[in-house]
Asker: 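Take this structure, written in C-alpha cells, and hold onto it; I'll ask about it next.
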Amino acid sequence: MAQLSMHDDRLFPADDKVRGIARRIYAETRDLPIISPHGHVPPAWIADNLSFENPTKLLLTPDHYINRVLHANGAELSELGVGREDMDEADNRRAFRLLCEHWSDFNGTAMRYWLTDQLVGLFGVTQRPSAETADAIYDTIQAWIDDETHRPRALMDQFRIEFIATTDDPCDDLHDHEKLAADAAFSATHRVAPTFRPDKYLEPDRADWNERADRLAQVTGIDTGTLAGFTAALESRRAYFKQHGAVSTDHGLTDLEAGYLDAQEAERLFGKARGGGIAPEEATALRRHLLMDQVRMATEDGLTMTLHPGALRDHDRATFEKYGQDVGCDIPYAIEVTRSTREMLNAFGNHPNLNLVIFTLDEDVYSREIAPLAGFYRSVYIGVPWWFIDAPESILRFKQAITEMGGFSRVSGMIDDTRAFCSIPARHDMMRRLDAVHLAGLVAVHRLDEDEAIEQAGKLVVDNPKKVFKL
Amino acid sequence: MAQLSMHDDRLFPADDKVRGIARRIYAETRDLPIISPHGHVPPAWIADNLSFENPTKLLLTPDHYINRVLHANGAELSELGVGREDMDEADNRRAFRLLCEHWSDFNGTAMRYWLTDQLVGLFGVTQRPSAETADAIYDTIQAWIDDETHRPRALMDQFRIEFIATTDDPCDDLHDHEKLAADAAFSATHRVAPTFRPDKYLEPDRADWNERADRLAQVTGIDTGTLAGFTAALESRRAYFKQHGAVSTDHGLTDLEAGYLDAQEAERLFGKARGGGIAPEEATALRRHLLMDQVRMATEDGLTMTLHPGALRDHDRATFEKYGQDVGCDIPYAIEVTRSTREMLNAFGNHPNLNLVIFTLDEDVYSREIAPLAGFYRSVYIGVPWWFIDAPESILRFKQAITEMGGFSRVSGMIDDTRAFCSIPARHDMMRRLDAVHLAGLVAVHRLDEDEAIEQAGKLVVDNPKKVFKL
Amino acid sequence: MAQLSMHDDRLFPADDKVRGIARRIYAETRDLPIISPHGHVPPAWIADNLSFENPTKLLLTPDHYINRVLHANGAELSELGVGREDMDEADNRRAFRLLCEHWSDFNGTAMRYWLTDQLVGLFGVTQRPSAETADAIYDTIQAWIDDETHRPRALMDQFRIEFIATTDDPCDDLHDHEKLAADAAFSATHRVAPTFRPDKYLEPDRADWNERADRLAQVTGIDTGTLAGFTAALESRRAYFKQHGAVSTDHGLTDLEAGYLDAQEAERLFGKARGGGIAPEEATALRRHLLMDQVRMATEDGLTMTLHPGALRDHDRATFEKYGQDVGCDIPYAIEVTRSTREMLNAFGNHPNLNLVIFTLDEDVYSREIAPLAGFYRSVYIGVPWWFIDAPESILRFKQAITEMGGFSRVSGMIDDTRAFCSIPARHDMMRRLDAVHLAGLVAVHRLDEDEAIEQAGKLVVDNPKKVFKL
C-alpha cells in the first residue's frame, strides 16, 4: 500500500546549501501566529462552533478548486455534493471515493499540496488516496471530525490564528461577530473581523441592484432614493462594520477604472438606475463613480481596500444556471492597471490614510504595472498571488517578478482568501516556506546576508499585514 | 578540431540528486514508441519511400526555423535553396557551408539542440560544424542518406514511430494513405493518418475561396452553391478522411471566436461570398459561423480539433512575394482565449464526444486563460508549446505555468508539428527529458513521490495522446 | 555592527559545478573594457571633469529608482533633494540618513545590488547602512569624492570605459563633445559620443513643438516652415551629430507605429501643426510619418536607432506639477510590436544600412514578438532589459525568453541607459556575471560546450555592441 507523506523540507530547494539556508529562515517564522486579513470562512462556523460534519462536506463539496478538476475529468458537480442538501453517507462516501480515484489527476497541483498537508498533518492519514483506500481514509477523517476538540474554536488555538477576517454583506447585522467579541475568553486571544464587501451595491446594472438599494435603506433608516442618501447609507454601514472590528473593504471588479462624475450627472444616473432604466454605458460610468467614492470614504475612515479584478464569472452559462455562482467556472482574463488606476491614484494615491491592495490573476502585470505603481504610490500594495496562481511555482514567479524593483516593503503579506478553514495553516505554512525559498535564493547568490533574510521573513509574516491592514 | 557531442544527461539539472531522479524517470519513457498526432511530414515520403537526396535538402532548405536565423544574419533565402529547383551539388554544399559557418549563431537555440541530436545520434558526425568541417560533415550525411536502410519506411521502425499524422487538404484523395494502409506488413506496426485541414475553405475573404468551394463540389459531387450544400460537402470530406484513418482536424486561426449566425443570415452571407461580394466584417462573421459548425461536426464524428491561433502570416510582404508562404517571416501576436471561446464552449465545451486542443504562441495565456479553461471544460486540452516556443526552457516555463492549477491530465501530450522527419525522435526525446526534469523537480521538493512521477511520465507519453486523439 | 560585503561569486548559482563554470566564463570577460552605447551621463561632467560634490548629490538626488521607493515608504521627494538648489550639508546628511534608515526596503532590489557594489567596491564602505552608520558612511564617501583622482576623467580610466554615449538635444552644439575630442591624450583611449534624441521635434501635439521647430530653423539656418525644410533641418542636425561622433539616435515612444503619409497630406498636416491647429489624430499621423522618415534617414546615414516604447510618463500629475519630469512616477504599460512595426519593417527592415534596437518594459513581448522579429529581419536587434526590469532575475528571464529561438547574435549587448556615472561598472559587471550564469546553465545541461560559452560571452561584451552600433 503506497504511503502518503509530508516531508519536513517540502518546497525547499534540492541543493543542500540553499536548503540549509531556507531551513534556517523558515525555522524563525514557522511557529509565528497566523494573521489572515482576507478570507471567506463563514463567521457562523466559529461563532456557533459548528462541526464539519463529514469528510466530503469538509474537503470536497465547497472547494471549487478541486471540483473543477474532477468536473473536467468527467464528474458531475452534483456527484460532489454541489447544490445538494440531500447527500447521505453513501453519497458522501461515493463522492469522496471519486476524489481518491482521481488522486493522480492532482499531481503537481496546489490542491494536492494543501490536501496532503491536511490529510497527513491534521487528520493523521498515512495511505495514499485511491479507490482502495478511500473508505479507510474517510473513516479516519470522520473520526477526527467527530472529536469535539476539532471544532473551529479549538482549532483557532491549535492553528494559532490570531486574526481572521470574514467577508460580509454590507447589510449584514454582524451578529456572529458580536457573539464572538462578547466571548471575553475567546476574544482575549483571537479576533474575528468582518469585511465590508459592497460589490452588489456598486453595480447598477445588476438585476438585484434596486432590491439591494432598498434593503440598504431599510437597514440604515436612510432614504436611498437619492445618491446623497445612498452615499450616506453606505457610509453608515462602513461605520457599523468599523465599530464591529472591520479593517478592510473588499472589491471584486471587472476592471480597475474609477472616476467621479460631476455631481449633477451622478445624481441623474443614480435616478435612472433607481428607476430601472439605466443604459449599460451609464451603469458603467455610475459604477466607476461609486467605486471612486469608496476610495474617498476609505481615506476618511481608514479601511484598507482590497481590489480583485479580472475574473469572468460563470463562463459556462449552463453550469451557472444549474449550480449558481462560485462553482469553478470563473475564468481569468487580461487586465490593465497603469492607465485604469490613474484617475483613482491621482486623486488619492498618496493619501496618508489610504491603503489599496491590488490583486491580479494576470501574471503579466506584476513587473509591468503593479510593482512599478506600488514602488511609487504610498497607498498601493501588491497583493500576493490569488486563486489560480496561489501555488508554489506561481508564487515564486510572483516574488521574482515584483521584488527586484519594489522590494519587500510594498507587498501585502500572506492573504489566504479561503473558505476552507482547515487548509489555512497549510496555506500560510506554504507561503512561509516559499518566503524562505525566495530569500534563501537571494542569500545563496550573495544578494542578501542571512541575518537580513531572517529579519525580512519575519516582517513578511508579521509587519507587512499589520501595516497594510492597520492591525 | 572541436568535437561535437551529445551527452547522455543532456537537459537534466546539474544537481546530482535531482539529475539522478530525472535519469530514473526518463529511463522508463526513453524507449517507448513515438505517437505523433499532429505534424507536417508529406505522406508521399513514406508512401513512396523517397530518398532525402542530400544534406541541404534534408536539413536546411525546408526548415524555416533555421533559414530565418541565417536570413537575419545576412543570407538570402535563395542561397539556402528556398524556392529553387535548380540547386546543384555545388550550390547545396555552399548552402550547407553557410549553416556550418553560422553554427555559433545557433548557440542556445532549439535548432542547435535538434541538429546536434541528429548529427551525432543519427548521422554519426563527430566534428563541430564550421567552415573547415562543412564538407566532411556533408559527406558523412550524404553517405548516410545514400544508404538504402535510411529511407522513411525503415526509419519509421528505427525511430519506433507507431502513429504519425500528416496534414492534408480536404479535397486530397489520400492516395498515399491508401497505399500505406494497403501494405499489410507496414501497417501491421505503423499507422499513417491524414488530418483534415479546412482553413482555406473556412475563410471567405481569401482570394481563392470560391475556387476552393468549386473544387469541393467537384470532389464530392455536391452542389456547394448553397451553405447547406457546402456544409454537406465538408461533412462528406470529413467522413472520407475518417474512413482513411483521420483522428483530427487542424485549424490555423486568426482568433478563437466562433459563433452561429441565424440560418437565414448565414445563407445570405454565404451567397454573397459565393458571388464574390462579401464585405470584410461579413466574411469574419461567416468564418466564425463556419468554425462553429466544424465544432458541431466534431461532436458528431468525434474528430479531435487542434486549434492554432496567433501567428501573423507573411509579415514581410516582399519576402512573401518572392518566396511564398511558410519561409520564416510569420510572427506571433497576443491572443485572447477566455472571452473568445465562450460561445463555442458554452455550446459544446462539455460535450462527451468533443476534444479541443488549444495551442498558443503567447505564453501569457497559459496560466491566465488556457489552463483555467482546461481545468473546467471536459473538451479542452492544453496544447504543448509550439513553433517559436518549442524549446527546452520555454517548455519548462509552460509546464510550470499550467500544471499547478490544471494538473497533468489536461495536457495534449507531445505534438511535434514538424515536417523535418529525421528530427522527430530528437523532438520527442527532448520532451521526454523535459517531462523527467519537471517531474524530478516536483519529487526533489517533495511534492510528488518518485513512483508517482514515473507513472505520470509514462502517461504523458502514452495515455494523454491516446485519450486526446482517441487512438 | 553589521558588515557590508560584496562576494566575489555574487549572482553565481549555488551549485558548485555550475558556479565553477560561471566563474570560468566570467573570468574571461570581467576585465574587458566597457562599451556603453546608450546612456544619460551629462557630457559636461566629463568635459569639465566636475566633482560629484557630495554623497547625496552623487547617489541619491538624481536617482529616481531609489527616490521612488523612498517616496512610496513616506519620504517627500524634496527631502531627497529633488527639485532643490538649496540643500546644505545638514540637508544632504539628513537625506542620506533617510536612505540608510530605509536600507532594508531595498532588500532584493537591483538598486541595493548596484549601491552595495559602489559602496564596498568603489568607496570602501564596510558597514551596513543604517541610522547609526549613516554619518560615518557619508564621511567615507565624501572623502572619496574629495580625492582629485576621483573626478570623471580619471574614473573613465579606472572604470575602463572605452566608449560612452550621451543623450542630446538635436539643437545642442555639442561643445562638450568637441572639447573632449580636442583633448588628444584623453581621446586616444576614450570616446564620448553624442546621441541624437529628436522626440520633442517629432511629436507635433507637444505644447513646445512649434518653439522647437523654430529653434531648429535658427540653429540650422533652414526655414522649417515647410515639411521639406523641417526634414532638411533634421537631416542637417543628424549630419552634425554624426560629424561629432554620434553612432545612434534614440527614441522614446508611445507606440512603435510608423508610416508614411502621402507627400501632400504630410505637408498639409505639417502646415496645420506649424499653425498650431492640428487635431490629435492628425498629430498622431504626422508623428508616425516623421518617425518613418527618421528610419529612412537612418538607412542613409547609418545611425543605429534605439526604440524605447511603453512608459506612461508622469503618471501622478501632482508630482509632475511640483517636481517636473523623470522623478520616478513613469509607469510601464502593455505594448504591441508585431503589427505596429510591420509598415516600418516592410519598408526598411532588411536594409543593409539599418540597425534598429527594440527595448521593452513589457516582458510579454520578448518571446512572443521581439525575438521572432529579430530572428528574421536583418535590421532588428533585441534591446537588453531596461529600467524597471534591469535587474538580475529579470535579466535572466529575458535571456531565457529570447535565446532559444533567436540565439545570441540578435541581441544588442549591454546598454546601461544610466545617468549614474559611478554605477556604470557595477551595471556592466552585473550583466557579465549574468551572461556567465546563463551560459553556465546551458553548459551544465550539455546544450553548449564550455569553450563555446566562453567565446560567446566575449562576443556579447565586445562583438555585439560593436556590430549593432557600428563601432
Side-chain angles (χ1 to χ4, degrees), chain B residues 2-16 64-65 67-69 71-74 102-113 116 128 310-312 315-319 328-334 360-364 387-397 437, chain C residues 13-19 21 334 336-339 341-342 345-347 349-350 352 363-369 371-381 397 399-410 438-449 451-453 455-456 459:
Chain B
Q3 298 296 300
L4 188 68
S5 66
M6 187 180 71
H7 199 284
D8 268 358
D9 285 336
R10 59 196 180 281
L11 301 184
F12 292 166
D15 182 274
D16 285 331
H64 55 69
Y65 285 63
N67 294 339
R68 66 195 318 276
V69 172
H71 176 269
N73 285 293
H102 283 273
W103 185 247
S104 71
D105 287 341
F106 293 91
N107 284 348
T109 67
M111 296 75 90
R112 149 81 185 242
Y113 181 89
T116 302
R128 185 186 294 166
L312 195 159
H315 192 276
D316 186 29
R317 293 180 186 91
T319 298
C329 62
D330 300 343
I331 308 288
Y333 51 79
T360 186
L361 295 166
D362 178 0
E363 302 191 46
D364 304 348
W387 202 348
F388 290 99
I389 46 179
D390 177 14
E393 283 163 355
S394 308
I395 289 172
L396 288 174
R397 285 197 298 276
V437 171
Chain C
D15 182 274
D16 286 331
K17 258 181 310 182
V18 192
R19 180 168 286 201
I21 305 169
E336 200 285 332
V337 185
T338 297
R339 290 188 179 96
T341 57
R342 193 176 191 189
L345 295 178
N346 274 224
N350 288 314
E363 302 190 47
D364 304 347
V365 300
Y366 286 152
S367 76
R368 190 180 65 212
E369 307 182 35
L373 285 165
F376 176 76
Y377 286 104
R378 289 180 193 139
S379 66
V380 178
Y381 290 91
R397 285 198 299 275
K399 290 175 180 293
Q400 285 161 354
I402 59 116
T403 307
E404 296 200 314
M405 274 297 141
F408 292 92
S409 68
R410 312 303 305 156
H438 179 226
L439 288 160
L442 291 171
V443 173
V445 300
H446 314 289
R447 295 180 61 185
L448 209 58
D449 291 336
D451 69 304
E452 295 177 295
E455 193 191 337
Q456 185 62 72
K459 283 188 187 174

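The sequence lines fix the lettering, A, B, ..., with proteins before strands; numbering per chain opens at 1.
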Asker: Output the distance between atom OG1 (C:T341) and atom CD1 (B:I331), rounded to the nearest 0.5 Å.
Answerer: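 Between atom OG1 of C:T341 and atom CD1 of B:I331 there are 8.0 Å.
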
Asker: Please flag which part of C:A374 lies under 4.5 Å from any non-hydrogen atom of chain B: side chain, backbone, both or neither.
Answerer: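 Contact with chain B is through the backbone of C:A374 alone.
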
Asker: Is it the side chain or the backbone of B:T360 that comes within 4.5 Å of chain C heavy atoms, both, or neither?
Answerer: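 Neither part; nothing is under 4.5 Å.
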
Asker: Do any N or O atoms from the side chain of C:Q456 and from the backbone of B:N107 form a donor-acceptor pair under 3.5 angstrom?
Answerer: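 A pair under 3.5 Å: no.
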
Asker: Grab the two heavy atoms, one from C:E336 and one from B:Y333, that are nearest each other, plus how far apart they are.
Answerer: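 Closest pair (atom of C:E336, atom of B:Y333, distance): OE2-CB, 4.5 Å.
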
Asker: To the nearest 0.5 Å, how far apart are CE in C:M405 and CH2 in B:W387?
Answerer: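 Between atom CE of C:M405 and atom CH2 of B:W387 there are 11.0 Å.
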
Asker: Heavy-atom pairs under 4.5 Å with chain C - which of B:P392, B:A110, B:S394 has more of them than the others?
Answerer: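 Option with the greatest count: B:P392.
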
Asker: Should the ring pair B:H71 and C:F376 be called parallel, tilted or perpendicular, given that the plane angle runs from 0 to 90° and is split at 30 and 60?
Answerer: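 Parallel.
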
Asker: Spell out, as yes or no, whether a donor-acceptor pair under 3.5 Å connects the side chain of C:R342 to the backbone of B:H315.
Answerer: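 Between the backbone of B:H315 and the side chain of C:R342 there is a qualifying donor-acceptor contact (under 3.5 Å).
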
Asker: Is there side-chain contact between C:T403 and B:T109, with heavy atoms separated by less than 4.5 Å?
Answerer: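 Not in contact.
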
Asker: Considering only heavy atoms, which portion of B:E363 lies under 4.5 Å from any heavy atom of chain C: side chain, backbone, both, or neither?
Answerer: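 Side chain only.
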
Asker: I'd like to know if the side chain of C:R339 and the backbone of B:L312 have a donor-acceptor N/O pair within less than 3.5 Å.
Answerer: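 The answer is no, because no donor-acceptor pair under 3.5 Å joins these two groups.
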
Asker: Rounded to the nearest 0.5 Å, what separates atom CD in B:E393 from atom CG in C:L442?
Answerer: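 Atom-to-atom, B:E393:CD and C:L442:CG are 6.0 Å apart.
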
Asker: Under a 4.5 Å heavy-atom cut-off, does chain C meet the side chain of B:D364, its backbone, both or neither?
Answerer: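 Looking at B:D364, just its side chain touches chain C.
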
Asker: Measure across B:A14 and C:A444 and return the closest heavy-atom pair with its distance rounded to 0.1 Å.
Answerer: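 So the minimum-distance heavy-atom pair works out to CB-CB, 4.0 Å.
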
Asker: Can you tell me how far the CZ atom of B:R128 sits from the CG atom of C:D451, to the nearest 0.5 Å?
Answerer: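 These two atoms lie 4.0 Å from each other.
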
Asker: Side chain, backbone, both or neither: which part of B:T116 has a heavy atom under 4.5 Å from chain C?
Answerer: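 Neither part.
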
Asker: What is the distance from atom CE of B:M111 to atom CD of C:E404, rounded to the nearest 0.5 Å?
Answerer: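 It is 10.0 Å, given to the nearest 0.5 Å.
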
Asker: Tell me, for C:D15 versus chain B, whether the close heavy atoms (under 4.5 Å) come from the side chain, the backbone, both or neither.
Answerer: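 For C:D15, the side chain is the part near chain B, not the backbone.
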
Asker: Give me the atom names and distance for the closest heavy-atom approach of C:D449 to B:S5.
Answerer: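 Nearest heavy atoms, C:D449 then B:S5: OD1-OG, 4.1 Å.
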
Asker: For the candidates B:D9, B:N73, B:L4, B:V69, which exhibits the highest count of non-hydrogen atom pairs separated by less than 4.5 Å from chain C?
Answerer: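 So the answer, after comparing B:D9, B:N73, B:L4, B:V69, is B:N73.
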
Asker: Which bit of C:D16 is near chain B, if near means a heavy-atom gap under 4.5 Å: side chain, backbone, both or neither?
Answerer: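 When you check distances to chain B, no heavy atom of C:D16 falls under 4.5 Å.
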
Asker: Given the options C:K399, C:K17, C:E452, which has more heavy-atom pairs under 4.5 Å with chain B than any of the others?
Answerer: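 Maximum pair count with chain B is reached by C:E452.
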
Asker: With sequence neighbours left out, write down each residue that passes ring pair (Phe, Tyr, Trp, His ring centres under 6.0 Å) with C:Y381, or none if nothing qualifies.
Answerer: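 Expected list: none.
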
Asker: If you tally heavy-atom pairs under 4.5 Å against chain B, which of C:S409, C:G407, C:A401, C:G375 wins?
Answerer: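 Counting heavy-atom pairs under 4.5 Å, the top option is C:G375.
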
Asker: I'd like to know which of B:R397, B:M6, B:H102, B:H64 tops the heavy-atom pair count under 4.5 Å against chain C.
Answerer: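 Of the options given, most contacts go to B:R397.
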
Asker: Holding to side-chain hydrogen bond (donor to acceptor under 3.5 Å, both in side chains), I want the full list of residues that pass it with C:T338, two or more places apart in sequence or in another chain.
Answerer: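 Result, side-chain hydrogen bond (donor to acceptor under 3.5 Å, both in side chains) vs C:T338: C:E369.
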
Asker: If you count heavy-atom pairs under 4.5 Å between each of C:H438, C:E455, C:R378, C:K459 and chain B, which one has the most?
Answerer: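 Greatest number of close heavy-atom pairs with chain B: C:R378.
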
Asker: As an exercise, state the distance from OH of C:Y377 to SG of B:C329, rounded to the nearest 0.5 Å.
Answerer: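 It is 6.0 Å, given to the nearest 0.5 Å.
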
Asker: Check each atom of B:F12 against the heavy atoms of chain C and say whether the ones under 4.5 Å are side chain, backbone, both or neither.
Answerer: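 Just its backbone gets close to chain C.
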
Asker: Is there side-chain contact between B:L11 and C:R447, with heavy atoms separated by less than 4.5 Å?
Answerer: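 B:L11 reaches C:R447 side chain to side chain.
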
